[in-house]
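Okay, structure first, notes after.
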Amino acid sequence: MGKTYERIDGRLRTFIEAQPVFFTATAPLAGDGTVNLSPKGLAGSFAVLDEHTVAYLDFAGSNAETIAHLRENGRITLMWCAFEGPPNIVRVHGRGEPVFRDDPRFPGLLGHFPDIDTSAHGLRAIIVVTAGLVRDTCGYAVPFMAYEEDRDLHGKRFAREDDASLSAYFTKKDHVARSLDGLPGLPLPLPPSTV
């Protein structure tokens, strides 16, 4: 029932851009390493850059497993589910890279996210993913759930932080500079923004 696509365009692009939540999965190279699966949301924090490249904003949080795994090996899978409308699941398997705030590419990439106030969420990096395999499947077992609105708690929590206090917050967290398995995570102190 699944189908493989050569690019992210048309109906496929429309579908993933319309979903209010998606999931990221990464893992270290070590066979006994910790596999990470994270939900991502916040309207305006995801963008299709071209037919083979997507990106999302990486905001402040309790750990940096995705960043650590991407720095080590680059492997990532993104997944979207239809919780409303016709059943569908789309996965983008690919290679990801965290683009940090002091990277010369950062301002240009940030321009793809005009509909979100990044200063309210403690922006750490932009994750850029190049698709290697794009597939969809039926999603018949995914339940119907209604999207009401984004929570405002993340913005309320991190809008009061500046670069210095955000760096201090990350430094206090156990799994931001280093992953659960000890891999390098977010560079600290937090690089200054180039924008």
Side-chain angles (χ1 to χ4, degrees), residues 21-42 44-50 52-80 91-113 116 118-133 153-155 157-195:
V21 65
F22 65 98
F23 302 87
T24 67
T26 59
L29 291 176
D32 61 350
T34 305
V35 175
N36 188 64
L37 177 64
S38 294
K40 302 293 179 185
L42 297 177
S45 66
F46 173 83
V48 176
L49 305 186
D50 62 40
H52 302 283
T53 315
V54 299
Y56 69 89
L57 302 175
D58 180 77
F59 293 120
S62 298
N63 62 40
E65 297 303 300
T66 301
I67 286 174
H69 296 159
L70 293 180
R71 289 181 71 185
E72 184 202 38
N73 63 64
R75 298 177 305 164
I76 188 168
T77 298
L78 307 179
M79 185 185 78
W80 296 262
R91 290 180 182 87
V92 171
H93 306 268
R95 308 291 297 175
E97 174 191 11
V99 177
F100 297 114
R101 298 165 12 139
D102 58 348
D103 189 299
R105 298 171 293 167
F106 191 85
L109 287 168
L110 196 56
H112 291 278
F113 304 92
I116 188 167
T118 57
S119 66
H121 296 282
L123 181 60
R124 305 187 301 189
I126 300 171
I127 306 298
V128 178
V129 177
T130 302
L133 177 65
L153 298 174
H154 195 271
R157 165 60 188 90
F158 290 102
R160 63 181 182 249
E161 304 286 355
D162 60 17
D163 284 356
S165 64
L166 203 53
S167 280
Y169 169 80
F170 292 143
T171 301
K172 287 188 267 184
K173 293 290 183 182
D174 288 338
H175 303 295
V176 173
R178 292 258 169 214
S179 75
L180 291 166
D181 300 312
L183 297 171
L186 186 69
L188 293 175
L190 189 65
S193 178
T194 57
V195 292

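In this text the structure is predicted, and so the values were computed from the model without any measurement. One-based numbering along the sequence shown.
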key: Donor-acceptor under 3.5 Å (R75 side chain, A27 main chain)   = yes
ask   = Should L188 and L186 count as side-chain neighbours, where that means a heavy-atom distance under 4.5 Å?
value = yes
ask   = Checking S179 side chain against G185 main chain: does a donor-acceptor pair fall under 3.5 Å?
value = no
message = Assess the residue pair L180 and E65 against the criterion (side-chain contact (heavy atoms from CB on, under 4.5 Å)); give the C-alpha distance rounded to whole Å, side-chain angles, the decisive distance to 0.1 Å, and a yes or no.
response = CA-CA 7 Å; L180 291 166; E65 297 303 300; 3.5 Å; yes
request  = Specify the closest pair of heavy atoms between G96 and I76, including all atoms of both residues, with the distance to one decimal.
outcome  = N-CG2, 3.8 Å
task = Only one of F22, F23, Y56 passes ring-ring contact (aromatic ring centres under 6.0 Å, His included) with F46; say which it is.
result = F22
request  = Looking only at non-hydrogen atoms, find the nearest pair between R101 and P191 and report the distance.
outcome  = NE-O, 2.9 Å
ask   = Say you draw a straight line from CZ of F100 to CZ of R124; how long is it, rounded to the nearest 0.5 Å?
value = 9.0 Å
task = Would you check if the side chain of H154 reaches a backbone N or O of G61 as a donor-acceptor pair within less than 3.5 Å?
result = no
ask   = Within a strict 4.5 Å, meaning less than it, do heavy atoms of the K40 and S45 side chains meet?
value = no
Donor-acceptor list for residues 106-113 side chains, cut-off 3.5 Å, not counting sequence neighbours:
none

task = Look up atom CG in L29 and atom CG in N73, then write down how far apart they are to the nearest 0.5 Å.
result = 4.5 Å
ask   = With distance as the sole test, does S165 use its side chain to make a donor-acceptor pair with the main-chain N or O of D162 at under 3.5 Å?
value = yes
ask   = Would I127 and I67 satisfy side-chain contact (heavy atoms from CB on, under 4.5 Å), going step by step from the backbone distance to the final call?
value = CA-CA 8 Å; I127 306 298; I67 286 174; 4.2 Å; yes
remark   = Shortest non-hydrogen pair, P98 vs R71, comes out as CG-CG, 3.9 Å
ask   = Which pair of non-hydrogen atoms, one from H69 and one from N36, has the smallest distance, and what is that distance?
value = CE1-CB, 3.8 Å
task = Take the angle between the ring planes of F158 and Y169 and call it parallel below 30°, perpendicular above 60°, tilted in between.
result = perpendicular
query = Say you draw a straight line from CG of N63 to OG of S38; how long is it, rounded to the nearest 0.5 Å?
reply = 6.5 Å
ask   = Between R95 (side chain) and L70 (backbone), is there a donor-acceptor pair under 3.5 Å?
value = no
message = Using the side-chain hydrogen bond (donor to acceptor under 3.5 Å, both in side chains) criterion, which residues pair with R105? Sequence neighbours excluded.
response = E97, D103
query = Yes or no on side-chain contact (heavy atoms from CB on, under 4.5 Å) for T26 and T24, after CA distance, side-chain angles and deciding distance?
reply = CA-CA 7 Å; T26 59; T24 67; 5.5 Å; no
request  = Would you confirm whether D181, through its side chain, and T34, through its main-chain N or O, come within 3.5 Å as a donor-acceptor pair?
outcome  = yes
Modelled atom types, side-chain donor and acceptor of H52 and T130, under 3.5 Å = no
inquiry  = Using every non-hydrogen atom in the two residues, find where V176 and A64 come nearest and quote the distance to one decimal.
reply    = O-CB, 3.4 Å
request  = Could you grab the distance from atom CD of E161 to atom CZ of F170, nearest 0.5 Å is fine?
outcome  = 8.5 Å
Flag side-chain contact, heavy atom, 4.5 Å: H121 against L42 = yes
request  = Find the distance between CD1 (I126) and CG (D58) and round it off to the nearest 0.5 Å.
outcome  = 10.0 Å
request  = Heavy atoms only: give me the nearest A25-L37 pair and the separation to one decimal.
outcome  = CB-CD1, 4.1 Å
